[in-house]
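Structure, as structure tokens:
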Amino acid sequence: MEYNFSAIEKKWQKHWNETKAYQVKNESDKPKYYVLDMFPYPSGSGLHVGHPLGYIASDIFARYKRLKGFNVLHPMGYDAFGLPAEQYAIDHGIHPAVSTEKNINTYRNQLDNIGFSFDWDREIRTCEPGYYKWTQWIFLQLFNSYYDRNEKKAKPVQHLIAAFEKEGNQQHVCPANNQLSFTAGEWKSKSEKEQLSILMDYRLAYCGYGEVNWCEALGTVLANDEVINGVSERGGFPVVKKKLRQWYLRITEYADRLLTGLEKVDFSEALKEMQSNWIGKSYGAEVDFAINETQETLRVYTTRPDTIFGVDFMVVAPEHELIAKITTAEQKTAVDDYIAYVKSRSERERMAEKKITGVFTGAYAVNPFSKKLIPIWISEYVLAGYGTGAIMAVPCGDERDFKFAQHFDIPVTNIIGDAFNGEEANPTKDAVLQQSDFLNGMVMRDAIEVAAQKIEDAGIGTRKVNFKMRDAAFSRQRYWGEPIPVKWKNGSAYALNESELPLTLPHIESYKPGPEGEGPLANVPEWVAQELETNTMPGYAGSSWYFLRYMDPHNNETFCDRKVSDYWGQVDLYVGGTEHAVGHLLYSRMWTKALFDLGHIGFDEPYKRLVNQGKIGGDSRLVYRVRGTNEFVSFGLKEQYETDEIHVDVNIVRGTELDTEAFKKSKPDFANATFVLEDGKYICGTRLEKMSKRYFNVVNPDDLVARYGADTFRMYEMFLGPVEQDKPWDTKGIEGVHRFLKKLWRLFYDEQKGKVWTNETPTDQEYKIIYKAIKKIEEDIERFSLNTVVSGLMVCVNELTDAKCSKKEILEKLLIALSPYAPHAAEELWSLLENKSSVLEASFPEVEEKYLIESEKEYPVSVNGKTRTTMMLSLDATQEEVEKLALANDVVQKWLEGKSPKKIIYVKGRMINVVV
RNA sequence: GCCCAGAUGGCGGAAUUGGUAGACGCGUCAGACUCAAAAUCUGGUUCUCGCAAGGGAGUGCAGGUUCGAUUCCUGUUCUGGGCACCA
């Protein structure tokens, strides 16, 4: 009887399926535990070996929790809306619904291969009307709500309207415009359109205008990563910024709660820090500077009002509206040229740029205290979206300001004396201020407050808490997403009624963008005739609340029954990649808070504990396109051209040599590609980077499962290293894990002798082996160290083999501990041990400590910190005994060289160190 | 540019609280079984000097704290990730 993994795995997968072994009920006497994976976007390339890493880890944990007596919810589904399916439709004319369905089926087959314990009766797909009906419903909840700053929670807009009718907006500062003020009478006298426009500035889901990457040649809006060096990835056409009407979520109202909420969740410190940096809370002041010889003022935001006497110039963002008004005639051409240059650049390029660029407007601001004239410059390093889009530059204290001043020969005022060396800026807060009028002699840290107060007293500014976080853009000019349930009448947006949901996505044949940058829905006559919104929701809409739908996936009355969400509550363990650290996690935290505020659920943080799985690295292949052409140059010759690098599918590359014919067929854009070869070959560049569909460097798990079995594959993925850590994929080592399972099998059945397991009573030594292993396995899994669990299992099998132990009582414990990792082999052997029930129903073994008690230990003995020998000592040896024995030791004597020791350090159970 | 993470043998990694660096596995070398191969088993395998016994060095790099540092501190280099329309 040998280890026939493929027969065993098929047999048990069928059995578990037929017996609904993984079905979970919403009622139970057992304590609940919710284990969730970040669900996949079903890409056309299928699952690669990087995807299941987290799924396997969470599956192991879910199975382990079940063995520990929990009612475990462990669902899976698909984040099925998204850009790639739409791009595929544009390239191949296949409807996204069709390709998505096909991709999901591929994913499902691949997942089933690996033997997960998902309750598939709870599967969800974000692109199905039965699901997105509720995504739209939640959107309406947000649309029909505002954030009450007094109560610090979301409330229905009816409350707001009632307040407006009673007292105007005195109690409710408008988040979009804090200057806005009206009385009850004024409110009532406004037209419906005016009222709706005001309400829009309060809603949690609102419509506004924002800049997008607009590509005229493609007639469409592009994602940041579809833009390379200011041209489109497809076709290499110019891309410029364009203002478009957009939907937004007013996530900024939740900034403080998103920040403080981090204190009550178990995320890694690194991840919390990423989120708080994203939120970017800063304390500072807005200060108005008069502009010389005009009536205009320039408002800047600064976190360092204490440096106001060190301001040597102003910098405004190239988008700043004052530029047109203040630029002098002689500077106009230079300014226009510079603005045209900036328009071609992405925000990321602008922030990353090391080269200093800028232009002088010709205008001067006036320092409100010193009355000094300050030149106003324009530079791309100041972003329009942050603060007021203008800064006061203090070169002696800010590195970027200092470099700018050097580059443009602007004289630098030193307000911190010796703390500034003239060579580089010093951003300290601890220097003593000089040349600073009323701040002279003060430590900067204290002067911040004094300056802020003075600014407020003088009526030229106010203290201001700023957030780097901006409201989340919530619309896409695309087809394959949730339709936004809104109608436009007379230029006002009206929400659909709940009864009109779902607003289903119409079937279309052409995926071309609509007129003026609108989405494809603008080309659908019936859609436009109903005055429906033509934007769709972004990729993160469906994923912002999916963890709730799994609890109650078939409910047609509500998104999730309150009783059910009260039972399951928060996700106890959430596993997924760090790439979602800020986007998805912040959005779903915000949605959860809003749903909580409105009373739909009973908790305001979705995920109690989060584990970030590392990425499995892939080995990518690159080709080099000569800029603005369709000519591709081989790796060794690329330096002779100006090129853009493009990833190419590793499957059409042999080693590093590109199959040029296959390349031409891979995309319509490449059909007419030409090549510059070296030695008759096109050689690709290589790069180790994450394994991802976008890099075309995926390795498929199916082949490995076919060859070694799911159990081997599962264990090998875990054995690669810590789940949280990034690591390169290498198939080589998988043999070792496969050998382990065969070795385990031989404890039960021998190739020659057949059955070797017995019902004999184990010895103390054998108990010790198994309990030592169980203890390690349990400790390691609790801290999510699954690679060391696998090695623990290996050590256990090695030791049992050496001890020739094949006793049923020992082997059963081993199988239970193994079952989360290698469920099929464990179940087969479990039944071969003549167990009637499934190993899934077993209980995790309790460790009997009495077998683990040791009386002595081999201590390392070091002299001056270097280990020289070891000594076997009783564990309750005293300091005196140890000193005597250590000094009597030959090796210690040798290293003492006749000298007497200064001190002998003895740490019980650890080590002995003789200090000379 | 800003933010985050990481760096240990030929390779993936282990060392949980500052206490025997290299568990476990891959690869590799030698041997057993075999007509042979596969499979399996046994033993060696950080580098270096040495016939050996036994030394010396060693956790990216440079310092520091300590009886003792992969672990703590300061500085630094490199690699990977995120930066708002990829998901």
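Chain A is the first sequence line, chain B the second, and so forth, proteins listed ahead of strands; every chain is numbered from 1. Bear in mind that the values here come from a model prediction, so they are computed numbers and not experimental data. All values below were derived from every heavy atom in this structure, side-chain atoms included, with hydrogens, water molecules and symmetry-related copies excluded.
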Exercise. Sort and list the pairs that fulfil salt bridge (charged side-chain N to carboxylate O under 4.0 Å, His left out) and have at least one residue in residues 48-57 of chain A, not counting sequence neighbours.
Key: none
Strictly under 3.5 Å: I want the nitrogen or oxygen pairs between protein and nucleotides 18-20 of chain B, one per line.
| residue | atom | partner | partner atom | Å |
| --- | --- | --- | --- | --- |
| B/U20 | O4 | A/Glu858 | O | 3.3 |

Quiz item: What string of B, S and - do you get for nucleotides 2-9 of chain B, 5' to 3', if B is base contact, S is sugar-phosphate-only contact and - is no contact with any protein heavy atom under 4.0 Å?
Solution: -SSS----
Practice problem: Mark up nucleotides 52-57 of chain B, 5' to 3', with B wherever a protein heavy atom is under 4.0 angstrom from a base atom, S wherever such an atom reaches only the sugar-phosphate, and - elsewhere. | Solution: --SSSS
Self-check item: Between CD on residue A/Glu858 and CG on residue A/Leu873, distance to nearest 0.5 Å
Solution: 10.0 Å
Quiz item: Separation of A/Phe740 atom CZ from B/A23 atom P, in whole Å?
Solution: 18 Å
Quiz item: How many Å lie between CG on A/Leu720 and C1' on B/C24, as a whole number?
Solution: 13 Å
Quiz item: Where the side chain of A/Gln246 is defined as all heavy atoms beyond and including C-beta, which of B/C85, B/G13, B/G25 is the nearest nucleotide?
Solution: B/C85
Quiz item: Which value, in whole Å, describes the distance between the P atoms of nucleotides B/A21 and B/G80?
Solution: 33 Å
Practice problem: Determine which nucleotide pairs with B/A57, using a 3.5 Å limit on both distances of a Watson-Crick or G-U wobble pair. | Solution: B/U46
Quiz prompt | Torsion-based syn/anti label for B/G9, 90° from 0 as limit | solution = syn
Practice problem: Identify whether any heavy atom of A/Ser268 sits under 4.0 Å from a base atom; if not, whether one sits that close to sugar-phosphate; answer base, sugar-phosphate or nothing. | Solution: nothing
Practice problem: Verify the contact: side-chain N or O of A/Arg476 to OP1 or OP2 of B/C85, cut-off strictly under 4.0 Å; return yes or no. | Solution: yes
Quiz item: For B/C26, what is the paired nucleotide under Watson-Crick or G-U wobble rules, both distances under 3.5 Å?
Solution: B/G10
Quiz item: Salt bridge check: are A/Glu533 and A/Arg245 linked by an N-O gap of less than 4.0 Å?
Solution: yes
Quiz item: If the P atom of B/C47 is compared with that of B/G12, how far apart are they to the nearest Å?
Solution: 16 Å
Quiz item: Which one is paired to B/U20, where only Watson-Crick or G-U wobble pairs with both distances under 3.5 angstrom count?
Solution: none
Exercise. Ignoring the backbone of A/Met469, work out which of B/U16, B/G13, B/A84 is nearest its side chain.
Key: B/A84
Self-check item: Distance flag, aromatic centroids of A/Phe404 and A/Tyr381, threshold under 6.0 Å
Solution: yes
Quiz item: Across the strands shown, which category fits A/Gly82 at heavy-atom distances under 4.0 angstrom: base, sugar-phosphate, nothing?
Solution: sugar-phosphate
Quiz item: Side chain of A/Asp780: nearest nucleotide among B/C85, B/U16, B/A84?
Solution: B/U16
Exercise. Starting at atom CG of A/Asp401, determine the distance to atom C1' of B/G1, rounded to an integer number of angstrom.
Key: 14 Å
Quiz item: How long is the line joining NE2 of A/His738 and P of B/G12, in whole Å?
Solution: 24 Å
Exercise. Would you indicate which nucleotide in B/C86, B/A39, B/A15 comes nearest to any side-chain atom of A/Lys742?
Key: B/A39
Quiz item: Distance from A/Glu717 atom CD to A/Lys727 atom NZ, nearest 0.5 Å?
Solution: 8.5 Å
Practice problem: Would you kindly say whether A/Gln477 and A/Gln246 are connected by a side-chain donor-acceptor distance under 3.5 Å? | Solution: yes
Quiz prompt | Over-ring placement of A/Arg250 relative to A/Tyr206, 6.0 Å and 45° cut-offs | solution = yes
Quiz item: Separation of A/Glu779 atom CD from B/A14 atom C1', in whole Å?
Solution: 15 Å
Can you give me the N/O atom pairs linking the protein to nucleotides 41-47 of chain B at distances under 3.5 Å, or say none if there are none?
| residue | atom | partner | partner atom | Å |
| --- | --- | --- | --- | --- |
| B/C41 | OP1 | A/Arg746 | NH2 | 2.8 |

Quiz item: Roughly, in whole Å, what's the span from CZ in A/Arg400 to C1' in B/G1?
Solution: 6 Å
Quiz item: Which of these, A/Thr801, A/Leu793, A/Leu800, sits in a side-chain contact (heavy atoms from CB on, under 4.5 Å) with A/Val797?
Solution: A/Thr801
Quiz item: CZ/A/Arg714 to CG/A/Leu704 distance, rounded to the nearest 0.5 angstrom?
Solution: 15.0 Å
Quiz prompt | Pair A/Thr788, A/Ser785: side-chain N/O donor-acceptor within cut-off below 3.5 Å | solution = yes
Self-check item: Inter-nucleotide C1' distance (B/C67, B/G60), Å rounded
Solution: 28 Å
Quiz item: Which nucleotide, in any strand shown, forms a Watson-Crick or G-U wobble pair with B/U71, with both distances under 3.5 Å?
Solution: none
Self-check item: A/Trp591 and A/Tyr540 aromatic centres sub-6.0 Å
Solution: no
Quiz item: In terms of ring plane angle, is the pair A/His51 and A/Tyr55 parallel, tilted or perpendicular, where the classes change at 30° and 60°?
Solution: parallel
Exercise. Using modelled atom types only, decide if a donor and an acceptor are shared between the side chain of A/Glu482 and the backbone of A/Thr536 within a distance under 3.5 Å.
Key: no
Quiz prompt | Partner nucleotide of B/U66 by Watson-Crick or wobble geometry (both distances under 3.5 Å) | solution = none
Exercise. Give A/Met38 one of three labels, base, sugar-phosphate or nothing, depending on what nucleic acid heavy atoms sit under 4.0 Å from its own.
Key: nothing
Quiz item: Rounding to the closest angstrom, what is the interatomic distance between B/U76 and B/C24 at atom C1'?
Solution: 34 Å
Quiz item: A/Gly539 or A/Lys776: which one's nearest nucleotide on RNA chain B is closer to the 5' end?
Solution: A/Lys776
Self-check item: Any strand: nucleotide that pairs with B/C33 via Watson-Crick or wobble, under 3.5 Å
Solution: none
Practice problem: Name the residue closer to the 5' end of RNA chain B, choosing between A/Thr788 and A/Ala472 according to the nucleotide with the nearest heavy atom. | Solution: A/Thr788
Quiz item: Do you know which of A/Val789, A/Ile56, A/Asn787 makes side-chain contact (heavy atoms from CB on, under 4.5 Å) with A/Met718?
Solution: A/Ile56
Quiz item: Watson-Crick or G-U wobble partner for B/C51, using a 3.5 Å limit on both distances?
Solution: none
Exercise. Just grab all the salt bridge (charged side-chain N to carboxylate O under 4.0 Å, His left out) pairs involving residues 781-794 of chain A, residues at least two apart or on different chains.
Key: A/Asp780-A/Arg783
Self-check item: Listed nucleotide nearest any side-chain atom of A/Lys727, set B/A87, B/G12, B/C24
Solution: B/G12
Exercise. Check whether any side-chain N or O of A/Asp471 sits under 3.5 Å from a backbone N or O of A/Thr252 as a donor-acceptor pair, and report yes or no.
Key: yes
Quiz prompt | Counter-base of B/G80, judged by Watson-Crick or G-U geometry with both distances under 3.5 Å | solution = B/C4
Quiz item: How many angstroms lie between atom CD of A/Gln879 and atom CD of A/Glu883, to the nearest 0.5 angstrom?
Solution: 4.5 Å
Quiz item: If you look at every strand shown and take non-hydrogen atoms under 4.0 Å, does A/Pro40 touch a base, only sugar-phosphate, or nothing?
Solution: nothing
